Structure formats: structure tokens, C-alpha cells
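Below: one structure, written as C-alpha cells.
Note that the structure is predicted; figures quoted are calculated from it, not measured. Each chain gets a letter, A, B and so on, in the order the sequences are listed, and its residues count up from 1.
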There are 2 protein chains.
Amino acid sequence: MRIKRETDYAIRCVNYLAMRHGQIAVIGDISKNAFVPRKFLAKILQKLARAGIVTSHRGVKGGFELARGPSLINFLEVIEAIQPVEMNVCALDDRLCALSDTCAVHPVWIEVREEVRRVLAKRNFAHIKTAGAGTGTG
Amino acid sequence: MRIKRETDYAIRCVNYLAMRHGQIAVIGDISKNAFVPRKFLAKILQKLARAGIVTSHRGVKGGFELARGPSLINFLEVIEAIQPVEMNVCALDDRLCALSDTCAVHPVWIEVREEVRRVLAKRNFAHIKTAGAGTGTG
DNA sequence: TCTAAACAAGACTTATTTAGTCCTCTTTTT
DNA sequence: AAAAAGAGGACTAAATAAGTCTTGTTTAGA
Ligand code: SF4
Ligand code: SF4
């Protein structure tokens with residue numbers, strides 16, 4: 001049970017943008033400082049933009065910036081911009097398991113998923129102490 | 001972020017054995033009632049046995065039974081008998097990410113992982129309401 | 001003591017997912 | 001117009017998950 005590499009990248013990226021809140025950063029800059037492969041990062045930023053977490057600016061002088069203050073962006077949002085928090089398939093969507101109608105375990109997974117989502121929603125990007133990998137200063 | 005299919009099988013299997021606590025069940029029986037492919041289930045039961053969750057009996061009249069009462073077996077144990085609860089690689093083991101020494105996000109994952117493990121440890125097999133898939137009566 | 005019913009264990013195979021790259025197009029400033 | 005950005009889809013390779021196959025060991029009982 002693990003987040004994807006891509007999701008780790010997304011969080012490091014948002015964390016970096018949180019540090020430089022107010023400034024526009026270009027992909028190459030984010031890539032270097034957050035240690036994320038450039039081309040892959042471009043894709044990730046598109047997802048974050050569609051999710052309303054970052055704002056993109058096209059053309060010369062373009063780049064990305066956080067759409068809101070760091071304290072208003074939590075881990076759950078960023079994670080779910082990249083991948084669903086499923087825990088078990090049936091907890092995301094009943095219809096993904098044919099047994100869900102009668103399964104005795106199913107309701108437990110629904111509860112567990114909600115609790116885990118709450119755990120993730122509790123952490124925001126103002127909570128993170130700066131300095132170190134993913135912040136561009138280490 | 002999802003448990004493996006194998007882990008879902010393990011939980012259904014333990015749940016079935018919990019229903020028939022006190023009796024020895026043979027692989028074919030568990031397979032039919034918990035809807036788990038027979039050969040694959042054999043592997044899963046080996047892992048559960050090594051983890052001390054079930055007891056195996058070899059030879060004619062052999063089979064499997066729960067090693068303890070259903071209320072003494074929780075979700076976390078069963079899951080971790082099959083796969084680690086990582087959340088993020090670095091939360092399981094620092095050394096798996098070269099950045100962990102300086103990473104500002106790393107401590108957050110450590111906390112999150114512990115909280116998630118606590119969520120899973122809260123559920124035991126006496127909590128599950130019988131009847132339905134994974135119980136052999138549906 | 002022989003046989004059949006059970007589990008043990010590891011090698012193997014296939015399908016799916018993850019982690020990325022590549023190429024072409026659009027937008028925007030100068 | 002040219003150059004500097006991002007958008008988006010097609011594609012590839014590596015890793016992991018899901019499951020089978022084969023062979024061996026243990027045990028009850030005829
Ligand atoms: S818990 Fe029950 S419903 Fe959910 S996936 Fe497993 S079998 Fe299907
Ligand atoms: S959070 Fe930091 S330490 Fe953990 S995996 Fe991501 S980069 Fe590595």
C-alpha cells in the first residue's frame with residue numbers, strides 16, 4: 001500500500017512552490033530544485049493545474065504558481081490530483097467488486113478509507129518545515 | 001494507494017476461518033467459500049501461517065484453523081503478513097530514498113504511516129458482521 | 001508398510017501498472 | 001516574426017502483481 005512515485009513528486013513540487021509563494025516558477029526551475037525529471041514534471045503540473053492547486057501561465061514569462069496559500073492546500077488534495085486513495089477497490093466504488101453487495105468486509109474498507117482520507121487532509125503545506133530536499137535549499 | 005488483490009483474499013480467508021472458529025478447514029473448502037483461486041490461496045495461507053495468524057496441519061485430516069480467537073486478530077496483522085503498509089517508501093525505511101536525510105516532507109510521511117497503521121489495527125475479526133461474500137453463506 | 005489426502009516450497013509465466021520519453025501544437029511576449 | 005514558455009497525446013521500457021506448475025514432505029488409516 002504505497003503512493004506512486006509521481007505522487008511523491010507532486011508533493012515535493014507543491015512544497016517547493018509553497019516556499020516561493022507569490023513568485024512564478026518555470027518547469028526547469030522546479031525540476032532542478034525538487035529533483036523531479038523535467039518531462040515527467042510537466043505532466044504532473046498539468047494534473048495539479050486541472051485540480052486547481054497550481055495556476056499555469058503560458059507563453060514567454062510563463063510558468064506556475066500556487067493557486068492559494070500553502071495553508072489552504074492539504075496532502076489529500078495533492079494526492080488525489082494524481083491518484084485515488086482507494087485502500088481497497090470496493091471502497092472507492094462498489095461496482096468494482098461483484099461481491100460488494102453481500103460482502104461482510106466491504107463496510108470496513110469504506111470506514112478505513114474515510115479515516116485515512118481524514119489523516120491526509122489534516123496535513124497542509126504551511127505545516128512543513130522548510131530546508132531540505134524538495135525545498136530547493138538542500 | 002491500494003492493497004493488493006492477494007491481501008483482500010487474505011482478509012476474506014481469515015474472515016471465513018473466523019466464522020468457523022474451532023474447526024479445521026481444508027484449502028478447497030476455504031477457496032470455494034471465500035472465492036479465492038485455490039492455488040493462489042495455498043500460497044496466501046502459507047504466509048498467514050508463518051505470521052502466526054493461522055495454524056496448519058499437514059497430512060490426511062489436515063487443513064487450517066485460526067491460531068487465536070477472531071477478536072485477537074486485527075486487520076493490520078493480516079495485511080502486513082502479505083504486504084508492508086508503506087504509504088511512501090521513505091516511511092517504511094529511510095534508506096530507500098537518498099533524500100530522506102534532508103527532505104522536509106519525510107517526517108510527515110512517518111507520522112501519516114503510523115496513523116494509518118493505527119486505523120487498521122483498530123479493526124478485528126470479531127467486529128465483522130457475518131453473512132455475505134467472504135463468509136461462505138452468501 | 002503402502003497409499004491417498006493433505007500442506008510446503010520454489011520456479012515459472014503472463015497481465016497490468018508505473019515511470020517515464022517523444023513529438024507536435026498552442027499561447028504569449030518582445 | 002521569433003523565441004520562450006506550457007498542453008496534450010502517443011509511445012516505450014521496467015517493475016510489480018497475479019496466478020500456475022511441478023515436485024516434495026507429512027500424516028492417518030487400511
Ligand atoms: S472487501 Fe469484499 S467487496 Fe471489497 S473488494 Fe474485497 S471482496 Fe470485494
Ligand atoms: S518524502 Fe522526501 S524522503 Fe520521502 S520519499 Fe519523498 S523525497 Fe524521499
Side-chain angles (χ1 to χ4, degrees), chain A residues 1-13 17 23-32 34-67 79 81-84 86-89 92 96-97, chain B residues 1-13 17 23-32 34-67 79 81-86 88-89 92 96-97:
Chain A
M1 199 183 328
R2 189 201 302 184
I3 60 158
K4 298 197 291 181
R5 171 59 54 108
E6 188 182 1
T7 307
D8 183 61
Y9 289 164
I11 286 175
R12 300 219 305 261
C13 166
L17 291 174
Q23 297 161 68
I24 289 183
V26 108
I27 292 180
D29 170 34
I30 304 172
S31 169
K32 272 190 200 110
F35 309 103
V36 180
R38 208 205 121 94
K39 301 248 177 78
F40 198 17
L41 178 61
K43 295 298 187 182
I44 293 170
L45 281 162
Q46 285 179 31
K47 293 182 189 175
L48 293 173
R50 284 188 218 108
I53 293 166
V54 304
T55 306
S56 85
H57 301 278
R58 296 177 74 159
V60 178
K61 303 260 174 173
F64 296 86
E65 63 184 324
L66 238 46
I79 291 169
I82 308 294
Q83 62 173 154
E86 302 181 55
M87 304 310 291
N88 196 345
V89 258
L92 184 66
L96 297 175
C97 176
Chain B
M1 199 182 330
R2 191 201 302 184
I3 60 160
K4 298 200 288 181
R5 171 63 53 111
E6 188 182 3
T7 307
D8 183 60
Y9 289 164
I11 287 176
R12 301 219 304 259
C13 166
L17 290 174
Q23 296 161 69
I24 290 184
V26 108
I27 292 179
D29 171 33
I30 304 173
S31 168
K32 272 190 199 108
F35 309 103
V36 180
R38 194 181 185 275
K39 302 246 178 78
F40 198 18
L41 178 61
K43 295 298 186 182
I44 293 169
L45 281 161
Q46 284 178 30
K47 293 182 188 174
L48 293 173
R50 286 190 215 107
I53 294 166
V54 304
T55 306
S56 84
H57 302 279
R58 295 177 72 159
V60 178
K61 302 260 173 174
F64 295 86
E65 63 183 326
L66 239 45
I79 292 169
I82 307 295
Q83 64 173 151
V85 173
E86 303 181 56
N88 195 346
V89 259
L92 184 66
L96 297 175
C97 175

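Residue pairs meeting the ring-ring contact (aromatic ring centres under 6.0 Å, His included) criterion with at least one member in residues 39-63 of chain B, sequence neighbours excluded: Tyr9(B)-Phe40(B). Under the side-chain hydrogen bond (donor to acceptor under 3.5 Å, both in side chains) criterion, the residue pairs touching residues 38-47 of chain B are Glu6(B)-Lys47(B), Gln46(B)-Arg50(B), with sequence neighbours excluded.
A close approach under 4.0 Å does occur between a side-chain nitrogen or oxygen of Tyr9(A) and OP1 or OP2 of dG20(C).
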Can you name the atoms? Protein N/O to nucleotides 21-26 of chain C N/O, anything below 3.5 Å, with the distance.
| residue | atom | partner | partner atom | Å |
| --- | --- | --- | --- | --- |
| dT26(C) | O2 | Arg58(A) | NH2 | 2.7 |

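Taking a heavy-atom distance under 4.0 Å as the criterion, the stretch of DNA chain D touched by chain A extends 5' to 3' from dA3(D) to dG9(D).
Between the side chain of Gln83(A) and the backbone N or O of Lys4(A), at least one donor-acceptor pair lies under 3.5 Å.
Applying the side chain to side chain contact (heavy atoms under 4.5 Å, CB included) test to Ala67(A) and every residue at least two apart in sequence or in another chain returns Thr55(A). Listed by chain and number, the residues in a side-chain hydrogen bond (donor to acceptor under 3.5 Å, both in side chains) with Asn88(B) are Asp8(A) (sequence neighbours excluded). For Gln23(B), there are no side-chain hydrogen bond (donor to acceptor under 3.5 Å, both in side chains) partners, not counting sequence neighbours. By the side-chain hydrogen bond (donor to acceptor under 3.5 Å, both in side chains) test, Ser31(B) pairs with no residue at all, sequence neighbours left out. The side-chain hydrogen bond (donor to acceptor under 3.5 Å, both in side chains) search around Ser56(A) returns none, not counting sequence neighbours.
When each of Val60(A) and Arg2(B) is assigned the nucleotide of DNA chain D with its nearest heavy atom, Val60(A) is the one assigned upstream, toward the 5' end.
Distance, Leu48(B) CG to dA8(C) P: 11 Å, rounded to whole Å. At whole-Å resolution of the value, CD1 in Ile44(B) and P in dA9(C) are 16 Å apart. If you measure from atom CG of Asp8(A) to atom P of dT18(C), you get 15 Å, rounded to the nearest angstrom. Note: NZ (Lys4(B)) to P (dT16(C)) measures 17 Å, nearest angstrom.
Backbone-only engagement by Arg50(A) is indicated by non-hydrogen atom pairs under 4.0 Å involving sugar-phosphate atoms exclusively. Nucleic acid contact for Glu6(A): sugar-phosphate only, since backbone atoms but no base atoms lie under 4.0 Å from a heavy atom of the residue. As judged by a 4.0 angstrom heavy-atom cut-off over every strand, Leu45(A) is placed among residues making no nucleic acid contact.
Residues Leu17(B) and Ile30(B) meet the side-chain proximity criterion, which asks for heavy atoms closer than 4.5 Å.
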